[in-house]
Amino acid sequence: MTVDMKDIVALCKRRGFIFPASDIYGGINGFWDFGPLGVELKNNLRDLWWKAMVITPPIGPDGTPVEIVGLDSSIIQNPKAWVASGHVGGFSDPMVDCRETKKRYRQDHLVVCWIGGQHGKDMPGIAFHEDEEEQEIEKRLKKLGYKEYYKKQPLTEVPVENYMYIIGPDAKEPGTLTEPKAFNLMFESHAGPIQSEENKVYLRPETAQGIFLNYKNVLDSSRVRVPFGVAQIGKAFRNEVNPRNFIFRSREFEQMEMEWFCHPDEVKMWRDFWFEQRKNFWTSVGLRSDNIRFRQHGQDELSHYAKAGLGTADIEYRFPFTAPDFGELEGIAHRCDFDLTAHQEHSGVKLEYMDPVDTSKRFMPHVIEPAAGLSRGVLALICEAYTIDKERPSGVYLNFHPALAPKKAAILPLTAKEEHVPLATKLYLELREEFPVDLDIKQNIGKRYARQDEVGTPYCFTIDNDTIQDKTVTVRDRNTMKQERISMDKVAAYLREKMKTADAVRKAA
RNA sequence: GCGGGUGUAGCUUAAUGGUAAAGCUCCAGCCUUCCAAGCUGGCCACGAGGGUUCGAUUCCCUUCACCCGCUCCA
């Protein structure tokens, strides 16, 4: 049974997981709100990540627990930080449009093959994507009536006045490419009430930089030593050209990033280590189907900018809208010493690490960065949990792992009669001290089970006449719909056990 | 950003140039001893703006959002 993304989006809205932002005004492209259940689900994933990273970080290769501390840095930082990180320069990609084909290209992705030394009507430049095969280039040249080209030049080096001689990558006539337009993918604002260039600021496009900016503060205040990690969860903002696919690509999203600072000689070991850890994490939160994929890029796959480092290993999920392809959930990147070096240069503050034991040893730490999308993680959890079951009244249920489920249990008096409600209320008040739980009294029991199925509540405790006699309740399991009776005073322990199982799974994974 | 499509209640679907209909959900009550049952009642909609018209949800224009395909994704 194939899952339709439309149905998932509809359920998310109907049951309060995810709403369009500014819904009553017709929405706003690229922004979404998390509803009452969505925020619980997101918080659960966030908290499990924080626990896995900061509270109970894994045992390192040497048998001792690794050291990771937390951080919550400001979304707005000194704009110089974004100049240093390369985002001001590199994040604003100039684009050129083709008037003939209506296509848009990144200027720095195009190269021009000039037919002759003199540009002119009979000596045009023919533009190609930089990755175009030589064979294809020849083919197209021939088609346009040329034998060979004289020289290849990046479009970025071509003066705009010569664009009139260029035939676009998909065009037939020269002169259809527009002059490059700047696209800044960072959100801008102004710190202070006056809108001027001087107080222009940026909303962070990634949480990572806040960690690099605080690298020295953390070292000086927390008694951590290399190797160690700094973890942060928070919102990030990117002016995506085209937000798409529900919350998968939105302009405001949430990241869970950890920067692992280590000696340059140990990057390979730590990259492999964190890749394993991160795989285990996603498996432990319930992404176990063959829709999740772990892909360590081969050396040959590395792009030019990463040739100095180990590149990136990806954790990907096959969302209904990407299928049969996969979408990125998390990337484990080797950032080399790029960021610290850049900030050292731009700020003038020494960021080299001095070995506390042998003070003659100084080096710039390298960074392994497991960077995961929290919003994307939530979407993957929902897609993974969405299970069609024609046999049950709701027709569908969300098969969340109990540790992730927004509500751990519902307490249901079998009838709204006097005898059942007080007992249910008592159990509810007891359980809610420890777990997010619902008390649902209205309507018949079947409807209530169906409602809980749709939001993925793993357990329902029902109070009936027997409860009055022997203080037992029924437990109804979401997945099997089977029931068993347990003593009312064992309910909290029962739930506790189910949650602990989740934790044990994480540990064992 | 381009091309195509879609927009009527929370959902699914009607009808109409002249007071917008129904089923399910939801809410209230009755009834109900375990899986959306039954009865009664209730809330809620023409995405937004403009134009044509005596009158527009319907025709026209613009815009917004969503979906599909391109493009983009440091």
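Each chain gets a letter, A, B and so on, in the order the sequences are listed, and its residues count up from 1.
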Inset, instruction - Please determine if A:K42 forms a cation-pi arrangement with A:F34, meaning its NZ or CZ atom is less than 6.0 Å from the six-membered ring centre and no more than 45° off the ring axis. - result: yes

Inset, instruction - Measure the distance from CD on A:E240 to P on B:rU71 and round it to the nearest whole Å. - result: 16 Å

Legend entry - G-U wobble or Watson-Crick pairing nucleotide for B:rG23 (cut-off 3.5 Å, both distances): B:rC11

Legend entry - From B:rA36, B:rC34, B:rU32, nucleotide with atom closest to A:A450 side chain: B:rA36

Inset, instruction - Would you mind pulling out the nucleotide paired to B:rC59, Watson-Crick or G-U wobble, both distances under 3.5 Å? - result: B:rG51

Inset, instruction - Figure out the NZ/C1' separation between A:K482 and B:rC34, and round it to whole Å. - result: 15 Å

Inset, instruction - Answer yes when A:D440 and A:R448 have at least one side-chain N-carboxylate O distance shorter than 4.0 Å, and no when they do not. - result: no

Inset, instruction - Name the pairing partner of B:rA45, where a pair is Watson-Crick or G-U wobble with both distances under 3.5 Å, or state none. - result: none

Legend entry - Nearest-nucleotide comparison on RNA chain B, the residue closer to the 5′ end among A:L414 and A:R451: A:R451

Inset, instruction - Could you work out the separation of B:rA20 and B:rA9 based on their P atoms and round it to a whole Å? - result: 15 Å

Inset, instruction - Within residues 440-447 of chain A, find the residues that approach RNA chain B with a heavy atom at under 4.0 Å, and present them sorted by residue number. - result: A:K442, A:Q443, A:N444, A:I445, A:G446, A:K447

Inset, instruction - Searching all strands shown, indicate the nucleotide that pairs with B:rG69 (Watson-Crick or G-U wobble; both distances under 3.5 Å). - result: B:rC2

Inset, instruction - Starting from P on B:rA48, measure out to CG on A:D23 and report it in whole angstrom. - result: 13 Å

Legend entry - Separation of atom CZ in A:R251 from atom P in B:rA74, rounded to whole Å: 16 Å

Inset, instruction - Can you spot which of A:H346, A:Q209, A:Q77 makes a side chain to side chain contact (heavy atoms under 4.5 Å, CB included) with A:S85? - result: A:Q209

Legend entry - Atom-pair distance (CG on A:D453; C1' on B:rC35), nearest Å: 9 Å

Legend entry - Atom-to-atom span, CD of A:E454 to C1' of B:rC24 - whole angstrom: 12 Å

Legend entry - Side chain proximity check, A:D477 to A:Y459, heavy atoms < 4.5 angstrom: yes

Inset, instruction - Could you measure between the two P atoms, the one in B:rU8 and the one in B:rA48, and give it in whole Å? - result: 10 Å

Inset, instruction - Sticking with atom C1', work out how far B:rU57 lies from B:rU19, rounded to a whole angstrom. - result: 13 Å

Inset, instruction - Could you label the plane-to-plane angle of the A:Y215 and A:F261 rings as parallel, tilted or perpendicular, counting under 30° as parallel and over 60° as perpendicular? - result: tilted

Legend entry - Atom-pair distance (CG on A:D325; P on B:rC72), nearest Å: 15 Å

Inset, instruction - Once you apply the 3.5 Å cut-off to both distances, tell me the Watson-Crick or G-U wobble partner of B:rA28, or none. - result: B:rU40

Inset, instruction - Indicate, with a heavy-atom threshold strictly under 4.0 Å, whether A:R476 touches base, sugar-phosphate, or nothing. - result: base

Inset, instruction - Pick base, sugar-phosphate or nothing for A:H129, based on heavy-atom distances below 4.0 Å to the nucleic acid. - result: nothing

Legend entry - Gap in Å between the two P atoms, one belonging to B:rA65 and one to B:rU52, rounded: 27 Å

Inset, instruction - With P as the reference atom in both, quote the distance from B:rA21 to B:rC46 in angstrom, rounded to an integer. - result: 13 Å

Inset, instruction - Using side chain to side chain donor-acceptor pair (under 3.5 Å) as the criterion, list what pairs up with A:D470, not counting sequence neighbours. - result: A:T472

Inset, instruction - Mind checking A:R478 for me? I need base, sugar-phosphate or nothing, with any heavy atom below 4.0 Å counting as a touch. - result: nothing

Legend entry - Distance, C1' atom - from B:rC54 to B:rG17, rounded to whole angstrom: 12 Å

Inset, instruction - To the nearest Å, give me how far apart CZ (A:R392) and C1' (B:rC34) are. - result: 15 Å

Inset, instruction - Could you note down all residue pairs passing salt bridge (charged side-chain N to carboxylate O under 4.0 Å, His left out) where residues 201-215 of chain A supplies at least one of them, sequence neighbours left out? - result: A:E206-A:R335

Legend entry - Pairwise C1' distance, B:rC27 and B:rC70 [rounded to whole Å]: 46 Å

Inset, instruction - Would you check if there is a donor-acceptor pair between the side chains of A:R451 and A:Q443 at a distance under 3.5 Å? - result: yes

Legend entry - Set of residues satisfying side chain to side chain contact (heavy atoms under 4.5 Å, CB included) with respect to A:E252, sequence neighbours excluded: A:F31, A:K235, A:F237

Between protein and nucleic acid, restricted to nucleotides 62-69 of chain B and to nitrogen or oxygen atoms under 3.5 Å apart, what atom pairs and distances do you find?
{"unit_1": "B:rA65", "atom_1": "OP1", "unit_2": "A:N29", "atom_2": "N", "d": "3.2"}
{"unit_1": "B:rA65", "atom_1": "O4'", "unit_2": "A:G26", "atom_2": "O", "d": "3.0"}
{"unit_1": "B:rC66", "atom_1": "OP2", "unit_2": "A:N29", "atom_2": "OD1", "d": "3.0"}
{"unit_1": "B:rC67", "atom_1": "OP1", "unit_2": "A:F246", "atom_2": "N", "d": "3.4"}
{"unit_1": "B:rC68", "atom_1": "N4", "unit_2": "A:R244", "atom_2": "NH2", "d": "3.2"}
{"unit_1": "B:rG69", "atom_1": "O6", "unit_2": "A:R244", "atom_2": "NH2", "d": "2.9"}

Legend entry - Partner residues of A:Q153 under the side chain to side chain donor-acceptor pair (under 3.5 Å) criterion, sequence neighbours left out: A:W114

Inset, instruction - State, without any angle test, whether A:D489 and A:S487 hold a side-chain donor-acceptor pair at a distance under 3.5 Å. - result: yes

Inset, instruction - Determine the interatomic distance between P on B:rA22 and the same-named atom on B:rG1; round to the nearest Å. - result: 42 Å

